[in-house]
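Values in this document were obtained by computation on a predicted structure and should not be read as measured data.
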Amino acid sequence: MSASGLALNQQVEALYGHHHGWLRQWLSKKLGDKHQAADLAHDTFMRLLVRDDEITLHEPRAFLTTVAQRVLSNHWRRQQLERAYLEALGELPPAVVPSEEDRAILLESLFVIDRLLNGLPTPVKRCFLLSQLDGLSHAEVAREIGVSITTVKRYLVKAAQHVYFGEMSSV
């Protein structure tokens, strides 16, 4: 392990030792569930461990709150996506409902797509999804979202650049 990696681990270890209990309680108040709070506190510290740079802090709790709020936001978005997926499955005829294994794979794929598209404006996301998932042509997407074909093409380039070349921030 490099010296900077070792230093980061020591910083996270110190943050954990001094603030884990406080963060878990803070998350518990937000969620109303001690078990989920413990999981998200763990996820918050795991997010810190995958950073590339050292942590320079003057206000550790403010820093942890910011990171935890991002983790919490992702958690809520993931729950919302899962609810929408389960509602859509509920509308399918029984003969075409996927198996439990396929459902889990599809749901995880949705989470990955959501994470990749995170940060894009809603019209760009919608354009990308209509084109890539629904297989609509540029003209069909343009009609569906009420923009020109040129705008659809611009949106698709923006989404592709974001998905293929963009960096998802770890914190």
Side-chain angles (χ1 to χ4, degrees), residues 1-89 98 100-129 131-133 155-171:
M1 179 177 291
S2 70
S4 64
L6 184 58
L8 177 62
N9 283 350
Q10 289 171 340
Q11 290 173 321
V12 173
E13 187 178 328
L15 275 173
Y16 186 91
H18 291 102
H19 303 287
H20 178 262
W22 168 83
L23 181 62
R24 199 177 61 243
Q25 286 179 329
W26 183 83
L27 285 165
S28 185
K29 288 177 187 173
K30 293 281 186 191
L31 292 164
D33 183 324
K34 290 179 184 180
H35 300 292
Q36 278 187 337
D39 288 345
L40 294 184
H42 172 78
D43 291 349
T44 299
F45 285 101
M46 290 303 295
R47 189 173 275 201
L48 296 178
L49 285 172
V50 299
R51 291 173 57 99
D52 291 330
D53 53 337
E54 291 185 30
I55 303 168
T56 307
L57 301 177
H58 299 293
E59 297 291 335
R61 287 189 177 182
F63 175 75
L64 286 172
T65 299
T66 300
V67 176
Q69 283 175 327
R70 291 177 186 162
V71 169
L72 190 57
S73 176
N74 288 339
H75 169 75
W76 284 330
R77 191 170 70 242
R78 190 175 170 116
Q79 279 188 328
Q80 184 180 29
L81 186 58
E82 186 171 2
R83 275 193 303 273
Y85 173 69
L86 293 174
E87 285 175 16
L89 281 180
E100 287 297 320
E101 181 181 354
D102 288 342
R103 287 167 69 163
I105 292 168
L106 287 168
L107 189 57
E108 190 57 37
S109 297
L110 284 173
F111 294 147
V112 169
I113 291 167
D114 179 62
R115 196 169 49 249
L116 288 172
L117 297 178
N118 187 30
L120 283 174
T122 301
V124 176
K125 283 184 199 179
R126 188 161 181 236
C127 179
F128 182 81
L129 293 172
S131 172
Q132 298 300 307
L133 295 183
Y155 284 175
L156 289 174
V157 167
K158 184 175 184 173
Q161 287 174 333
H162 184 80
V163 168
Y164 298 118
F165 303 112
E167 291 290 325
M168 293 181 290
S169 66
S170 60
V171 176

message: Return the CG to CD distance between L49 and Q11, rounded to the nearest 0.5 Å.
response: 10.5 Å
- request: Answer yes or no: does atom CD of E13 have more than 12 heavy-atom neighbours from other residues, nucleotides or ligands under 6.0 Å?
  value: no
query: Are the side chain of H19 and the backbone of A14 linked by a donor-acceptor contact shorter than 3.5 Å?
result: no
- request: Please round to the nearest 0.5 Å and tell me the distance separating atom CG of L106 and atom OH of Y85.
  value: 4.0 Å
field: Exercise: identify the closest heavy-atom pair between R61 and H18
entry: NH2-O, 4.5 Å
- prompt: For atom CD of Q80, is the number of surrounding heavy atoms from other residues, nucleotides or ligands below 6.0 Å larger than 12?
  reply: no
- prompt: So, T44 side chain and L40 main chain: donor-acceptor pair closer than 3.5 Å or not?
  reply: yes
- prompt: Roughly how far, to the nearest 0.5 Å, is CG of L81 from CG of L86?
  reply: 9.5 Å
- request: Report the distance from atom CD of Q36 to atom CG of L31, rounding to the nearest 0.5 Å.
  value: 5.5 Å
Distance-minimising heavy-atom pair for R24 and A37: O-CB, 3.6 Å
field: Qualifying salt bridge (Lys or Arg N to Asp or Glu O under 4.0 Å) pairs with a residue from residues 74-87, counting only residues at least two apart or across chains
entry: R77-D114, R78-E108
query: When the ring planes of F45 and Y16 are compared, do they come out parallel, tilted or perpendicular, using 30° and 60° as the limits?
result: perpendicular
- request: Considering non-hydrogen atoms only, spot the tightest contact between L72 and K30 and give its length.
  value: CD2-CB, 3.9 Å
E100: side chain to side chain donor-acceptor pair (under 3.5 Å) partners, not counting sequence neighbours: R103
- line: Sorted by chain and number, sequence neighbours left out, salt bridge (Lys or Arg N to Asp or Glu O under 4.0 Å) with R126 holds for E144
task: Identify the heavy atoms of F128 and V163 that sit nearest to each other, and give their distance.
output: CZ-CG2, 4.3 Å
message: I'd like to check F111 versus N74 (side-chain heavy atoms, cut-off strictly below 4.5 Å). Are they in contact?
response: no
- request: Of all the heavy-atom pairs spanning A159 and V124, show the shortest one and how long it is.
  value: CB-CG1, 3.9 Å
statement: NZ (K34) and NZ (K29) are apart, to the nearest 0.5 Å, by 12.0 Å
task: Would you check if C127 and K158 make a side-chain contact, meaning some heavy-atom pair closer than 4.5 Å?
output: no
- prompt: Quick one: are T66 and R70 in side-chain contact, heavy atoms under 4.5 Å?
  reply: yes
task: Would you name the heavy atoms of A68 and L23 that are closest together and state the gap between them?
output: CB-CD1, 3.6 Å
- prompt: Between CD1 of I113 and NZ of K125, what distance do you get to the nearest 0.5 Å?
  reply: 12.5 Å
task: Quick one: do L27 and V71 satisfy side-chain contact (heavy atoms from CB on, under 4.5 Å)? Show the steps, please.
output: CA-CA 10 Å; L27 285 165; V71 169; over 6 Å; no
